[in-house]
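Structure, as structure tokens:
Heads up: numbering here begins at 1 and tracks the sequence. Counting starts at 1 for both ligands and their atoms, in listed order.
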Amino acid sequence: MEDLIGETPLVALRRVSEGCRVPVLVKCEHLNPGGSVKDRIARAIVDAAEGSGALRPGDTLVEATAGNTGVGLALMASSRGYRLLCVMPEKMSEEKRASLRALGAEVVITENAPPGDPRNFQVVARRIAAEREGHFLTDQFRNPANPRVHEQSTGPEIWRQCEGRIGAFVAGAGTGGTITGVGRYLKRMDPRVRVVLADPRGSRLAGLLGHGPLTEGGSYLLEGIGSSEVPAVMDPSVIDGVEVVDDRESFTMARRLVSEEGLLVGGSSGTAVAAALRIAREGRVDGPVVAVLADGWDRYRSRIFDDAWMARVP
Ligand code: PMP
């Protein structure tokens with residue numbers, strides 16, 4: 001299984017990109033064995049923790065996750081002989097809980113509470129790891145192995161696949177690991193590459209990064225990206241601009257990627273592609289725009305791909 005992580009395809013959009021002045025290319029991270037970009041950091045975090053001696057045979061990995069990192073870590077746990085406990089906010093889909101349990105993880109559901117609140121999923125995970133013997137906090141929001149693996153693998157793959165010609169790179173941010181690591185690498189190779197954050201409406205990141213008014217933030221249905229604070233592993237200096245995308249546009253684009261492009265992806269891929277299309281249509285860059293397809297559709301069938309559920313999205 002571990003050999004299947006990374007080296008994902010990069011393909012050009014053909015139909016939803018009609019009218020674009022430059023090609024829009026998508027990095028198919030949903031084709032990783034666990035179905036998301038997070039398999040990369042799961043392996044990198046376990047490798048680093050084994051290397052430093054912080055993780056010992058038979059330990060339990062503890063992670064605060066929107067679901068995808070949990071799946072990646074569950075694969076690593078079974079591959080290397082660890083147990084896994086995932087702490088997940090209640091807003092995440094039923095499919096994600098069921099998948100994690102099927103993969104052998106213990107799942108603790110927390111209320112949707114803001115960072116710092118004792119009920120917040122990250123705070124609960126930290127507390128469990130501190131209190132229990134043999135529990136190791138994988139800590140994707142702070143672990144430097146997260147952005148590093150994107151700088152060392154995702155970024156170089158994209159650069160190679162584009163043969164060194166990229167106008168802009170677009171991704172959403174949950175931990176910010178992907179955009180930070182890939183952005184750093186691409187800018188080192190060519191400082192003209194524009195790194196653009198695709199942020200859900202309701203997230204405060206756009207304002208916190210100085211790319212728009214500082215808002216109170218609000219609730220949104222999209223899972224896995226956006227934040228009310230700048231995550232520790234995110235490097236704001238690599239981000240040149242932000243495109244704000246609302247739930248309906250993200251979900252509609254995810255459905256079009258499925259039905260028109262045959263790319264079986266989830267909501268945050270819709271966010272990234274919607275943002276990438278704006279840049280490509282307006283001709284704001286003169287090279288291809290690359291967007292990340294972060295995870296697969298299977299986690300959202302009862303939501304984004306359910307007509308009755310979609311009809312209730314504002
Ligand atoms: N899309 C989805 C669905 C995710 O779960 C995540 C991570 N939470 C991301 C995108 C963003 O990845 P990163 O944590 O590297 O910013």
[Y] backbone acceptor or donor facing [X] side chain under 3.5 Å:
{"X": "Asp39", "Y": "Gly34", "result": "yes"}
{"X": "Asn68", "Y": "Ser36", "result": "no"}
{"X": "Asp190", "Y": "Lys187", "result": "no"}
{"X": "Ser250", "Y": "Gly267", "result": "no"}

Identify the protein atoms, limited to N or O, that lie within less than 3.5 Å of an N or O atom of ligand 1, and list each pair with its distance to 0.1 Å.
| unit_1 | atom_1 | unit_2 | atom_2 | d |
| --- | --- | --- | --- | --- |
| ligand 1 | 1 (N) | Ser268 | OG | 2.6 |
| ligand 1 | 5 (O) | Asn68 | ND2 | 3.1 |
| ligand 1 | 8 (N) | Gly224 | O | 2.9 |
| ligand 1 | 14 (O) | Lys38 | NZ | 2.6 |
| ligand 1 | 14 (O) | Thr175 | N | 2.8 |
| ligand 1 | 14 (O) | Thr175 | OG1 | 2.6 |
| ligand 1 | 15 (O) | Thr178 | N | 2.9 |
| ligand 1 | 15 (O) | Thr178 | OG1 | 2.6 |
| ligand 1 | 16 (O) | Gly174 | N | 2.7 |
| ligand 1 | 16 (O) | Thr175 | N | 3.3 |
| ligand 1 | 16 (O) | Gly176 | N | 2.8 |

With a 3.5 Å cut-off and sequence neighbours excluded, list the donor-acceptor pairs that the side chains of residues 96-108 form with protein atoms.
| unit_1 | atom_1 | unit_2 | atom_2 | d |
| --- | --- | --- | --- | --- |
| Lys96 | NZ | Ala66 | O | 3.1 |
| Lys96 | NZ | Glu223 | OE1 | 2.9 |
| Lys96 | NZ | Tyr300 | OH | 3.2 |
| Arg97 | NH2 | Glu90 | O | 3.1 |
| Ser99 | OG | Glu95 | O | 2.6 |

*asked:* Taking the ring centre of each residue, are Phe251 and Trp309 less than 6.0 Å apart?
replied: yes
